[in-house]
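Below you'll find the structure, written out as structure tokens, and then a few comments.
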There are 2 protein chains.
Amino acid sequence: MTRENNSSGIDRTASKKTYHNPSEAALDRIGGKWKTGILCMLAEHGELRNGELLRRLSPVTQKMLTQQLKELEADGLILRTVFPEVPPKVVYELTDKGWSLQSVLEPLCEWGKKLLHAD
Amino acid sequence: MTRENNSSGIDRTASKKTYHNPSEAALDRIGGKWKTGILCMLAEHGELRNGELLRRLSPVTQKMLTQQLKELEADGLILRTVFPEVPPKVVYELTDKGWSLQSVLEPLCEWGKKLLHAD
DNA sequence: CAGAATCCTACGGGATACTG
DNA sequence: CAGTATCCCGTAGGATTCTG
């Protein structure tokens with residue numbers, strides 16, 4: 001089993017974006033189309049494999065899932081663990097930093113529910 | 001003075017997007033590049049005019065500001081009030097629905113601050 | 001003062017096929 | 001099983017100019 005700090009190949013610390021508001025920086029991390037879904041699933045079910053996420057987040061595509069997972073990993077929000085087996089096995093789980101996002105995701109979801117309910 | 005329910009010309013209620021997560025619906029409302037900034041400014045200072053927002057949110061352009069304001073108004077988050085004077089005067093302020101977003105924006109900003117502080 | 005009208009481009013996101 | 005590798009497209013976002 002191999003646990004790396006960052007196997008995504010993306011260096012988020014090097015990107016020097018200029019944020020005009022703290023919330024922009026936050027949205028930059030969770031703004032991807034499937035990111036909140038991924039984070040919610042991992043918060044709800046703990047460790048999940050690629051295939052499980054693929055099913056639970058249907059109709060997400062493999063490409064998009066992989067891409068969003070990489071970014072979340074690069075931002076230190078999730079941990080990717082590879083089991084050197086055949087066939088391959090990879091699990092994803094929230095890091096402490098990822099868990100700290102619950103304080104943001106919960107209000108966000110609650111507010112979103114009201115929206116969908118209002119129609 | 002003219003107060004209209006929706007003078008933006010955008011009908012958000014007609015757009016039938018399919019959200020796979022409540023938070024997606026929420027992000028759809030506040031995800032615009034300058035929206036959180038606008039909402040924060042209005043929450044902090046109350047009524048603000050176009051020019052004031054333009055300055056406080058610099059380097060936002062007039063086009064982007066207008067566009068984001070229209071969408072926020074179409075979503076019922078802000079109220080646009082026109083004073084029929086010469087020269088023209090327009091003020092923007094939060095609606096009740098807009099104020100309800102504070103429960104989302106606050107955690108979002110707090111989390112964002114930690115990010116910017118961590119570097 | 002507060003915008004409307006154009007034009008343009010980068011990139012987020014998707015469909016499809018291939019691989020260790 | 002868990003991904004790459006390509007190709008492709010719509011649109012969010014920006015620069016610039018004009019208007020009541």
Side-chain angles (χ1 to χ4, degrees), chain A residues 1-2 4 7-10 12 15 17-21 24 27-38 47-74 78 80-92, chain B residues 1-2 4 7-10 12 15 17-21 24 27-38 47-75 78 80-93:
Chain A
M1 184 167 87
T2 308
E4 303 173 343
S7 63
S8 67
I10 300 177
R12 224 30 201 264
S15 63
K17 291 197 181 182
T18 52
Y19 299 112
H20 319 92
N21 192 311
E24 260 187 82
L27 285 177
D28 206 35
R29 268 68 178 189
I30 65 174
K33 181 156 183 194
W34 306 97
K35 289 188 181 177
T36 58
I38 293 172
E47 287 189 353
L48 285 178
R49 304 184 57 176
N50 178 76
E52 293 172 323
L53 285 169
L54 213 47
R55 276 189 300 278
R56 292 179 187 280
L57 297 178
S58 179
V60 69
T61 64
Q62 174 67 62
K63 176 203 163 184
M64 284 313 299
L65 179 60
T66 304
Q67 178 182 304
Q68 307 273 291
L69 286 171
K70 274 189 181 177
E71 293 181 10
L72 289 173
E73 188 195 1
I78 65 175
R80 179 177 184 267
T81 307
V82 182
F83 294 84
E85 308 172 354
V86 177
K89 177 180 175 183
V90 178
V91 299
Y92 297 93
Chain B
M1 185 167 90
T2 309
E4 303 172 345
S7 62
S8 67
I10 300 177
R12 224 35 199 265
S15 63
K17 292 196 181 182
T18 52
Y19 300 113
H20 317 92
N21 191 310
E24 261 188 80
L27 285 176
D28 206 35
R29 267 69 179 188
I30 64 172
K33 181 154 183 196
W34 306 97
K35 289 188 182 176
T36 57
I38 294 172
E47 287 190 354
L48 284 178
R49 304 184 57 176
N50 178 75
E52 294 172 322
L53 285 169
L54 215 46
R55 276 188 299 278
R56 293 179 187 278
L57 296 177
S58 179
V60 69
T61 65
Q62 173 66 64
K63 177 205 164 184
M64 284 313 298
L65 179 60
T66 304
Q67 177 182 306
Q68 306 274 293
L69 285 171
K70 274 189 182 177
E71 292 181 11
L72 289 172
E73 188 194 1
D75 288 330
I78 66 174
R80 178 178 184 267
T81 307
V82 180
F83 295 83
E85 310 172 353
V86 176
K89 177 181 175 183
V90 178
V91 299
Y92 297 92
E93 63 190 310

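In the text below, chain A, chain B and the rest are named by the order of the sequence lines, each starting its count at 1.
- Taking Glu71(B) as the reference, Lys35(B) meet the side-chain hydrogen bond (donor to acceptor under 3.5 Å, both in side chains) condition, with sequence neighbours excluded.
- Near DNA chain C, meaning a heavy atom under 4.0 Å away, the residues from residues 50-68 of chain A are Thr61(A), Lys63(A), Met64(A), Gln68(A).
- At a threshold of 4.5 Å between non-hydrogen side-chain atoms, the residues Leu69(B) and Arg80(B) do not count as touching.
- Proximity of His20(A) to Trp34(B): side-chain heavy atoms (C-beta onward) are separated by under 4.5 Å at one or more points.
- From the 5' end on, the contacts that DNA chain C makes with chain B at under 4.0 Å to a non-hydrogen atom open and close at dC1(C) to dT6(C).
- Between Val60(A) and Ile38(A) the shortest side-chain heavy-atom distance does not fall below 4.5 Å.
- Of all heavy-atom pairs spanning Leu27(A) and Ile30(B), the tightest one is CD1-O, 3.7 Å.
- Between Leu69(A) atom CG and dT4(D) atom P the separation is 10 Å, expressed in whole Å.
- Note on Lys89(A): every side-chain N or O is 4.0 Å or more away from OP1 and OP2 of dG3(D).
- The CD atom of Gln68(A) lies 10.0 Å from the CD1 atom of Ile78(A); values are rounded to the nearest 0.5 Å.
- Gln62(A) pairs by the side-chain hydrogen bond (donor to acceptor under 3.5 Å, both in side chains) definition with Asn50(A), Thr66(A), not counting sequence neighbours.
- When rounded to the nearest whole Å, the span between CD of Glu24(A) and P of dA12(D) equals 17 Å.
- If one axis is set at each end of the helix from dC1(C)-dG20(D) to dG20(C)-dC1(D) from five pairs, those axes are 50° apart, to 10°.
- The CZ atom of Arg80(A) sits 16 Å away from the P atom of dC1(D) (whole-angstrom rounding).
- Listed by chain and residue number, His45(B) satisfy the side-chain hydrogen bond (donor to acceptor under 3.5 Å, both in side chains) test with Arg56(B) (two or more places apart in sequence, or in another chain).
- To the nearest 0.5 angstrom, Leu53(B) atom CG is 5.5 Å from Leu65(B) atom CG.
- Taken to the nearest 0.5 Å, the CG atom of Leu72(A) stands 13.0 Å off from the NZ atom of Lys70(A).
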